[in-house]
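All values below come from the heavy atoms of this structure, side chains included, with hydrogens, waters and symmetry mates left out. Numbering of residues begins at 1 and proceeds along the displayed sequence.
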Amino acid sequence: MADLSAAQYILIALIFVWSGFVRSGLGFGGAVLSLPFLLLVLDEPLVFLPIIAVHLLIFSSITVWMNNRKKPRAGQEPSEGTVDWRYIGRLMTILIVPKMIGVIGLFTLPSNVLSAIIFVIVALYSVSYIINRPFRSGSKAIDVLFLMLGGYISGTSLIGAPLIIAVAAQHLPKEKLRDSLFVLWFILVLIKLGAFIWVGVDLQLIHHLWLLPAAAVGHVIGLRVHERMLRAETALFFRVLGSVLLVVSGIGLVTSFT
């Protein structure tokens, strides 16, 4: 990232503001809804994935800690917290193997092939947003299939969240869904970040000095509108978002091989 222009730096900062907003506002999407835009600025997934990973570790842990730091007053029943640890353990037993396979694929595929895979996956997600038919599982077998695919995609690119959420949203109450997902993302991303360090991927640490504040701005905005978004009609928002992502993915597929 040292040789980029000023305009590219500004675009990257704005995209990370957006990334922080959707992560805290929706509970997912920090990667899947921002990586396609980042790849149009610089078509190098391994430049941005470590930055996104570190941001997720920081902001997810802060959010979960803030929501669970209050102790019950005298005479009050202790709170169950906002994280379903038992269900997270069940998910990890299914996710861990495909996750590791995906991590291996991340380091063996050429960058343009990996970018193309990311754009194809995002295009599929965007179509589901446009037609207002998000991925849903209907049986235990499909649950396992979605989780395994989500784990593999998460291993290759950190954008397996929609498939995992398709399962988790059916089994977790709303008040525990976002923070439980944050803990799950933290574990999965920690594995990915460890793999980055193991193989010597540049973590772009110097660029965290200006991208962390950008993501923090979006994170704070997302926290403030989270409750409103849960109560509001979001179908139109996702249709517009899906249309934009579909266009971006189409452009990205063309540029990946030209």
Side-chain angles (χ1 to χ4, degrees), residues 23 27-36 38-39 43-57 60 85-126 128 134-171 180-204 249 252-253 256-257:
R23 182 188 299 112
F28 76 100
V32 69
L33 300 182
S34 62
L35 193 54
L38 290 169
L39 293 180
D43 191 14
E44 294 289 344
L46 285 178
V47 170
F48 297 114
L49 288 175
I51 300 174
I52 294 173
V54 172
H55 287 187
L56 191 145
L57 292 179
S60 64
W85 296 98
R86 182 176 298 179
Y87 188 68
I88 290 173
R90 282 189 228 159
L91 290 178
M92 283 304 302
T93 59
I94 301 173
L95 290 169
I96 187 63
V97 173
K99 170 74 177 184
M100 298 308 297
I101 296 174
V103 169
I104 295 171
L106 173 66
F107 300 119
T108 57
L109 292 173
S111 61
N112 65 328
V113 175
L114 180 59
S115 295
I117 291 173
I118 292 172
F119 284 124
V120 169
I121 294 170
V122 172
L124 293 174
Y125 290 157
S126 66
S128 73
F135 294 108
R136 290 288 183 269
S137 61
S139 69
K140 289 184 178 181
I142 297 178
D143 281 354
V144 172
L145 177 61
F146 275 17
L147 290 174
M148 293 181 70
L149 287 174
Y152 176 77
I153 295 169
S154 172
T156 59
S157 60
L158 292 179
I159 60 174
L163 288 171
I164 298 173
I165 292 171
V167 178
Q170 298 178 85
H171 301 283
S180 295
L181 289 173
F182 273 162
V183 172
L184 182 64
W185 305 151
F186 186 97
I187 297 171
L188 294 175
V189 168
L190 196 62
I191 295 171
K192 173 68 73 66
L193 198 59
F196 286 152
I197 296 172
W198 179 263
V199 300
V201 172
D202 185 356
L203 299 184
Q204 308 293 336
S249 299
L253 279 171
S256 293
F257 294 101

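When side chains are defined from C-beta on, Phe186 counts as touching Leu57, because their heavy atoms get closer than 4.5 Å. Looking only at side-chain heavy atoms (C-beta outward), Leu203 and Leu193 come within less than 4.5 Å of each other. Within the 4.5 Å cutoff, side-chain heavy atoms of Phe182 are placed close to those of Arg23. A heavy-atom distance below 4.5 Å is found between the side chains of Leu38 and Ile52. Side chains of Leu35 and Leu49 form a contact here, defined as non-hydrogen atoms less than 4.5 Å apart. The side-chain heavy atoms of Glu44 and Phe48, taken from C-beta on, include no pair separated by under 4.5 Å.
Rounding to the nearest 0.5 angstrom, the gap separating the CG atom in Asp143 from the NE2 atom in His171 is 4.5 Å.
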Please list every donor-acceptor pair under 3.5 Å in which a side-chain atom of residues 94-103 meets a protein atom from a residue at least two apart or in another chain.
from	atom 1	to	atom 2	distance (Å)
Lys99	NZ	Ser154	O	3.3
Lys99	NZ	Ser154	OG	3.0
Lys99	NZ	Leu188	O	3.1

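Within a 6.0 Å sphere centred on CE of Met92, heavy atoms belonging to other residues, nucleotides or ligands number more than 12.
Closest non-hydrogen pair, Ala168 versus Leu181, comes out as CB-CD2, 4.1 Å. Taking each heavy atom of Pro36 and Ala31 in turn, the nearest pair found is CD-O, 4.1 Å.
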